[in-house]
Amino acid sequence: MLVISLLLISCGGKEVHSLIPPPPSTDPVEPEDPEDPEDPSNPGEPNPWDANRGIVKRPQAGNGWTVTTIDNGVVYYAFDGKEPITNVHQRIFVTDIDPAQGYAIKLGYYSKNNIASRIMASSDKIMAVINAGYEKTAIWIRVNGTNYGTIAYDRVGKANDAAIDASSDIPQWKSEAAVYMNQDQDVRIRFTGRGKTLQEWRTLYSYKCNTENNFITSSPMLISDYEPVGSFFCTLHPMKVNSSEDPYNHQASQTNPRTALATTENGHVLFIVVDGRRGTSVARGISADELTRFLVANFNPQYAINLDGGGSSAMCVRGQGDPESYVVNYPCDNRTEAKTISADGVSITWPKESNGPDHKGERARDTFIYAIQK
C-alpha cells in the first residue's frame, strides 16, 4: 500500500487507474531517464540516416502537390495523385508550423469526446487541428498536470470494459513512444519505451509525471533522431493473432488512413493526415513503413510518431477544405452508411456519402493537438 501511495504522489495525486499493478516489490530504484541519448544501432559506427542531418526538405508545387501559405509561419501541403513510394493514388495532407513565428502547440483532453472541427471553431486563432491518441485505456495521457489515461489495461481491447482486457490475446503495444509538450513552443517526440516491457513503460511514464505536465503516448515511433524505426516495427511484431488490433495487422495494412506528428531539426512541427479505404484510384491508405519512407523522402523530420488513424484521422486547417468546418481530409466513417455521434454532449448525424468522399463523418475522440496564435 505504501508503494502505491508513493506512485500517486509522484503523479501529483491525480487519477491513476485502479487496474495498474503495483511496481515490483524490490527496493525502489529510480528508472533510467528516458531523455538520455538513445543507444545507436551500431555504437561508434555511422548510420545511413546520419546523412539526413541538417537537410531541410519540402515539396514544391506540382506533380500532385499544392502548397498554400496560411499565415506567417504556417504552410499547408496537399498531395493528390499517384504517390511514388506506394505506387498508387493517395491523398496526403501536411501542415507545417513554425512555433517561433508566434504559435503555441497544445494538447487538449475532452472528457465527453469532441471532433476536430469543433476544436477549430472554438477560437479564430487556431490555425490547424489533428486528432491525437488511441483509446485512453491503451495509452498515457497527461494534460496540465492531470492524468486521464495511465495504460490501464494489460491487453488491447476495443471497448472500455474490463472483460475485454481479460479476454484479449493481444498484449498492450500502443505506448512505445511519447509526445512531450509545454503547451507553448516546446514539442518533443521521444522513443521513451524502446525495448521496454509494459511494466517498464508504466514505471517510466509515472516517473515522467515528475518532470512533464503534458504528454501523450503512442505507437509506432516512425523516426527517432533520423533513424527510420517505423520501417522495422512490423518485423519486430510479426502477426500472432488474426485481429485488426494485432500490431502487425494494425500497422502493416496498406488500406488504413493515418495521422502522425513530426518535428524537424529547425524546430518546425508537422501535422500529417493520410486518407484511405477509398481504393487504389482515389486514396488507398498507407502502412507504417510506407509513411516512414514518405516522410523521410518529402519532409526529412528528425522525429515522427504515428497517432490514432483509421476513421479517427481528421485534420482542420484555417481557410482550407470544407468552407464551414475547415476539415481538409475525407474522414471515412460515413463511407458506407450514415454516421451519428455524440460530440461534447451534442448528437450529430452525417448522411452516407452520396457523390464520393466528403468532409463529413468525423469520429468523436478525446484528445487533439492544435496550433494556435499566441
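- Looking only at side-chain heavy atoms (C-beta outward), Thr66 and Tyr77 stay at 4.5 Å or farther from each other.
- Note on Arg91 versus Glu83: no salt bridge recorded, every NZ/NE/NH1/NH2 to OD/OE distance being 4.0 Å or above.
- Here the shortest heavy-atom pairing between Arg318 and Asp124 reads NH2-CA, 3.4 Å.
- Under a 4.0 Å N-O distance rule, the pair Arg335/Asp358 does not qualify as a salt bridge.
- Taken from OH in Tyr326 to CE in Met120, the straight-line distance is 7.0 Å, to the nearest 0.5 Å.
- Following chains of ILVMFWY side-chain contacts shorter than 4.5 Å, one can reach Phe271 starting from Val187, so the two form part of one hydrophobic cluster.
- Each of Val317 and Phe368 belongs to its own hydrophobic cluster when Ile, Leu, Val, Met, Phe, Trp and Tyr are linked at side-chain heavy-atom distances under 4.5 angstrom.
- Across all non-hydrogen atoms, the minimal contact from Ile170 to Pro247 is CG2-CD, 4.0 Å.
- By the rule that hydrophobic residues join a cluster once side-chain heavy atoms approach within less than 4.5 Å of another member, Val143 and Ile305 end up as members of one cluster.
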Point to revise | Pair Asp308-Arg365, salt bridge (charged side-chain N to carboxylate O under 4.0 Å, His left out): steps then yes or no | key: CA-CA 10 Å; Asp308 186 17; Arg365 305 301 301 139; 3.3 Å; yes

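- No donor-acceptor pair under 3.5 Å is formed between the side chain of Ser224 and the backbone N or O of Glu227.
- Here the OG atom belonging to Ser219 is positioned 10.5 Å from the CG atom belonging to Leu307, to the nearest 0.5 angstrom.
- When every heavy atom of Ser325 is checked against every heavy atom of Cys316, the shortest pair comes out as O-SG, 3.7 Å.
- At a cut-off of 3.5 Å, with distance as the only test, a side-chain donor of Glu265 or Tyr226 sits close to an acceptor on the other residue.
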Exercise for review: Go through Asn214 and Arg142 one step at a time and tell me if the side-chain hydrogen bond (donor to acceptor under 3.5 Å, both in side chains) criterion holds.
Suggested key: CA-CA 5 Å; Asn214 302 277; Arg142 183 169 173 83; over 6 Å; no

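- Without hydrogens or angle criteria, Asp50 side chain to Asn47 main chain gives a donor-acceptor distance under 3.5 Å.
- Between the side chain of Gln101 and the main chain of Val74, no donor-acceptor pair closer than 3.5 Å is present.
- Taking the side chain as every heavy atom from C-beta outward, Pro99 and Ile105 approach each other to under 4.5 Å.
- Atoms CD and CG, from Glu290 and Leu295 in turn, are 12.0 Å apart once rounded to the nearest 0.5 Å.
- Donor-acceptor pairing under 3.5 Å is recorded for the side chains of Asp225 and Gln302.
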Exercise for review: Please test Thr259 against Ser313 for side-chain hydrogen bond (donor to acceptor under 3.5 Å, both in side chains), starting from the C-alpha separation and ending with a verdict.
Suggested key: CA-CA 6 Å; Thr259 300; Ser313 288; 2.9 Å; yes

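- Side-chain contact between Lys208 and Trp140: absent, with no pair of heavy atoms (C-beta onward) separated by less than 4.5 Å.
- Residue Ile286 holds its CD1 atom at 11.0 Å from CG of Asn256, rounded to the nearest 0.5 Å.
- Annotation: side chain of Met181 is in contact with side chain of Ile369 (closest heavy-atom distance under 4.5 Å).
- Salt bridge present: Lys174 and Glu245 bring a charged side-chain N and a carboxylate O closer than 4.0 Å.
- Under a 3.5 Å cut-off, the side chain of Thr69 and the backbone N or O of Asp71 do not form any donor-acceptor pair.
- Here the CH2 atom belonging to Trp173 is positioned 13.5 Å from the CG atom belonging to Leu198, to the nearest 0.5 angstrom.
- Here CD1 of Ile141 is found 5.0 Å from CD1 of Ile216. Values are rounded to the nearest 0.5 Å.
- Applying the side chain to side chain contact (heavy atoms under 4.5 Å, CB included) rule to Ala260 yields the partners Leu222, Ile272, Leu291; only residues at least two apart in sequence or on another chain are considered.
- No side-chain donor from either of Tyr103 and Asn72 sits under 3.5 Å from a side-chain acceptor of the other.
- A heavy-atom distance below 4.5 Å is found between the side chains of Val67 and Val75.
- Judged by distance alone, with hydrogens and angles left aside, the side-chain atoms of Tyr205 form no donor-acceptor pair with the main-chain N or O of Phe215 at under 3.5 Å.
- Between Arg284 and Asp275 there is no salt bridge, since no side-chain N of the basic residue sits under 4.0 Å from a carboxylate O of the acidic one.
- Contact record, Thr255 with Ser253: OG1-OG, 3.0 Å, taken as the closest heavy-atom pair.
- A salt bridge does not link Asp333 to Lys360: none of the charged nitrogens lies less than 4.0 Å from a carboxylate oxygen.
- Looking at Arg258 and Gln251, their side chains do bring a donor and an acceptor atom within 3.5 Å of each other.
- In summary, Glu353 and Lys339 do not engage in a salt bridge, as defined by a charged side-chain N under 4.0 Å from a carboxylate O.
- Gln183 places a side-chain heavy atom less than 4.5 Å from the side chain of Asn144.
- Between the side chain of Asn147 and the backbone N or O of Gly149, no donor-acceptor pair lies under 3.5 Å.
- Inter-residue side-chain proximity for Tyr330 and His359 is flagged as met; some heavy-atom pair is nearer than 4.5 Å.
- Under the side chain to side chain contact (heavy atoms under 4.5 Å, CB included) criterion, His268 pairs with Arg58, Asp96, Asp98, Thr264, Asn266, sequence neighbours left out.
- Ile97 and Tyr76 fall within the same hydrophobic cluster, defined by Ile, Leu, Val, Met, Phe, Trp and Tyr side-chain heavy atoms under 4.5 Å apart, directly or through other members.
- A salt bridge between Arg118 and Glu362 is absent, with no side-chain N of the basic residue lying under 4.0 Å from a carboxylate O of the acidic one.
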Using a 3.5 Å cut-off and no angle test, enumerate the donor-acceptor pairs between side-chain atoms of residues 108-116 and protein atoms at least two apart in sequence or in another chain.
{"from": "Tyr109", "atom 1": "OH", "to": "Lys136", "atom 2": "NZ", "distance (Å)": "3.2"}

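- You'll find the ring centres of Phe79 and Phe93 outside the 6.0 Å limit.
- Of all non-hydrogen atoms in Trp350 and Gly361, the two that sit nearest each other are CD2-N, 3.4 Å.
- The hydrophobic cluster containing Val269 does not contain Val94, counting ILVMFWY residues as joined when their side-chain heavy atoms lie under 4.5 angstrom apart, directly or transitively.
- Counting heavy atoms from C-beta outward, Leu107 and Val179 have side chains that stay 4.5 Å or more apart.
- Here the closest heavy-atom approach between residue Ser122 and residue Ile119 is recorded as OG-O, 2.6 Å.
- Ser218 places a side-chain N or O within 3.5 Å of a backbone atom of Asn306 that can act as its donor or acceptor partner.
- One N or O on the side chain of Trp201 and one on the backbone of Gly193 form a donor-acceptor pair closer than 3.5 Å.
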Point to revise | Candidate pair Thr192 and Tyr180, rule side-chain hydrogen bond (donor to acceptor under 3.5 Å, both in side chains), full reasoning | key: CA-CA 10 Å; Thr192 305; Tyr180 301 95; 2.7 Å; yes

Check your understanding: Can Asp80 and His89 be said to form a side-chain hydrogen bond (donor to acceptor under 3.5 Å, both in side chains), step by step?
Key -> CA-CA 7 Å; Asp80 190 341; His89 204 105; 2.6 Å; yes

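- Side-chain atoms of His237 never come within 3.5 Å of backbone atoms of Tyr248 as a donor-acceptor pair (strictly under, hydrogens ignored).
- One finds no salt bridge joining Glu212 and Arg190 here, because no Lys/Arg side-chain nitrogen approaches an Asp/Glu carboxylate oxygen to under 4.0 Å.
- Using a 3.5 Å distance cut-off with no hydrogens or angles, the side chains of Ser312 and Arg363 do pair a donor with an acceptor.
- Of the possible donor and acceptor atoms, one in the side chain of Asn131 sits under 3.5 Å from a partner among the backbone N and O of Ala314.
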